[in-house]
Amino acid sequence: MATATRVTWDRDPHTAAKHALLRRYLQAWAPILLSRNNVVTYAEGFAGPGIYNGGEPGSPVIAYQVLAGTLRRSSGRVKMVLVEKDPRCKAELEQRIAAAESSTPSPDGRLDIQITQGSCHPDLLQELARTGSLRHPAFVLLDGFGGPKVPFSLLRQIASAHPKNEVMVTFGPAFLWRFTEGDERHRATGDAFFGGTDWHGVFEQPSSAKGAYLRDRYRDALHRAGFQHTLVFEMLDESNHLLYLIFGTRHPRGVEKMKEAMWVVDTTSGVRYRDPKDPNQQALDLKLEPDTSPLRRILLDHLRTASSGRTVDHLKQYTLLETVYRPTQVIPLLKRMREDQEVDISPGRIIGTSHVTAGGQTALFRT
Ligand SMILES: C[S@@+](CC[C@H](N)C(=O)[O-])C[C@H]1O[C@@H](n2cnc3c(N)ncnc32)[C@H](O)[C@@H]1O
């Protein structure tokens, strides 16, 4: 895994996947938000140097490119608020942003960029307040190296500042179970990160379940902070270090657009990216079809809970908010389920007709 002992470092494949996800999401987010708001904010608490060893752009430069491009077609203004702790990285970032501005100038100066050398906490919030950015909808990327450096209080303040605010946090759970349960300082760090002590249950989990356990506690934390909907994208580097990107929003539209971005990066399951050990693996992955068999089971279970069936719109909304799948996957799947006689379609309603019992036999039922 890359660390910041140098000003710039190599871009890992999973970082490229994260950038693809970010670019895709911002390409949807920026025009939607700018069509309804005069000012929107893009902020980063761990901005990085803006470039990788191979010349690839860092996340602030990617964001600049998308936002400047969007402003050519939209009215309104964008504020970028970027905080970076390492002065060398901050200096590099200033140069990279200046280069991006000269190749894609900000239309009529409607993109204002503040780069601050400081710590994500408390400097990010102070900068957002100083620049008046808290009065506008913001997308806040908190992309540290994965350690628990983002205090829960920061999440809560971002959530409460504006109902359209969204966050995406990089979280590497291994740090939190590496230490012994009795390490007080370590527990205090975790408590500040999760905003409580629920996560202590990780010490009772088997090794194979610890990552998912902490992931779910962090989703709970985002809910408590005020982000009603969360999505998780899992990344594994070549050495199997686990990193989660956890997204929080209050808007179904945000969920929909982030899922679309996730399914572009992971065309098979929409939830993960693993650094390829074999360079050919990446090409193979791209050819795999989306696997919607879990969604088939989820929909059948859900249909069982409503004796009069469900509307297609309901099933699409349920899929959006309660599963990792996208609403656009529902109708093609329902057609296949009807061909397989798993559902009936009566006027305006979908009704489950059969399910496979635990013993593997098909039993008829009508929900
Ligand atoms: C993973 S890199 C960011 C990469 C960047 N988001 C990108 O995708 O191009 C994390 C950065 O956070 C910086 N950093 C580490 N601790 C920090 C802190 N407490 N506050 C702000 N920045 C910090 C590091 O110097 C490093 O540049």
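Quick caveat: nothing in here was measured; it's all calculated off a predicted structure.
- Salt-bridge formation is not detected for the pair R88/E92: no Lys NZ or Arg NE/NH1/NH2 atom is positioned less than 4.0 Å from an Asp or Glu carboxylate oxygen.
- Separating the OG1 atom in T116 from the CG atom in L93 is a distance of 10.5 Å, to the nearest 0.5 Å.
- V39 places none of its side-chain heavy atoms less than 4.5 Å from the side chain of V78.
- A continuous path of hydrophobic side-chain contacts links F139 to L21 [ILVMFWY only; heavy atoms under 4.5 Å].
- At least one side-chain heavy atom of R296 sits less than 4.5 Å from a side-chain heavy atom of M337.
- Ring geometry for Y318 against H314 counts as parallel: the plane angle stays under 30°, on a 0 to 90° scale with 60° as the upper cut.
- Using a cut-off of 4.0 Å between Lys/Arg side-chain N and Asp/Glu carboxylate O, E342 and R338 are scored as not salt-bridged.
- E339 and R336 are not joined by a salt bridge, as no carboxylate oxygen comes within less than 4.0 angstrom of a charged side-chain nitrogen.
- For the 3.5 Å distance criterion, the side chains of T268 and D291 fail to qualify, holding no donor opposite an acceptor.
- Classified by interplanar angle (parallel below 30°, tilted 30° to 60°, perpendicular above 60°), the ring pair W263/Y325 is tilted.
- Ion pair K85/D123 not flagged as a salt bridge, since none of the NZ, NE, NH1 or NH2 atoms sits closer than 4.0 Å to an Asp/Glu carboxylate oxygen.
- Salt bridge status for R349 with D344: absent, with no side-chain N to carboxylate O gap under 4.0 Å.
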Give the C-alpha distance, both sets of side-chain angles, the deciding distance and a yes or no for salt bridge (charged side-chain N to carboxylate O under 4.0 Å, His left out) between E256 and K259. CA-CA 5 Å; E256 183 187 333; K259 270 194 190 176; over 6 Å; no
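- Geometrically, R217 engages Y213 in a cation-pi contact, judged by NZ or CZ lying under 6.0 Å from the ring centre and within 45° of the ring axis.
- Residues V140 and M168 form no side-chain contact, since every pair of their non-hydrogen atoms from C-beta on lies 4.5 Å or further apart.
- Note that CZ of R310 is 12.0 Å distant from CD1 of I350, once rounded to the nearest 0.5 Å.
- Interatomic distance, L67 CG to K79 NZ, rounded to the nearest 0.5 Å: 14.0 Å.
- Looking at K90 and E84, no side-chain N of the basic residue comes within less than 4.0 Å of a carboxylate O on the acidic one, giving no salt bridge.
- Results of the side chain to side chain contact (heavy atoms under 4.5 Å, CB included) test with W199 over F194, W177, F193 single out F194 as the only residue that passes.
- Taking the six-membered ring where the residue is Trp, the centroids of Y52 and H19 are separated by under 6.0 Å.
- A cation-pi geometry, defined here as NZ or CZ lying under 6.0 Å from the six-membered ring centre and within 45° of its normal, holds between R224 and F152.
- Under the 4.5 Å side-chain contact rule for hydrophobic residues, I97 and L26 share a cluster.
- Rounded to the nearest 0.5 angstrom, L315 CG and E322 CD are separated by 12.5 Å.
- Within the model, atoms CG of L245 and CG of L243 stand 7.5 Å from one another, a figure rounded to the nearest 0.5 Å.
- Linking Ile, Leu, Val, Met, Phe, Trp and Tyr residues whenever their side-chain heavy atoms come within less than 4.5 Å places L33 and L231 in a single cluster.
- Ion pairing of R130 with E127 is present here, as a side-chain N (NZ or NE/NH1/NH2) and a carboxylate O approach within less than 4.0 Å.
- Distance check, rounded to the nearest 0.5 Å: CG of N38 to CZ of R135 gives 12.0 Å.
- Between the side chains of D191 and H200, at least one donor N or O lies within less than 3.5 Å of an accepting N or O.
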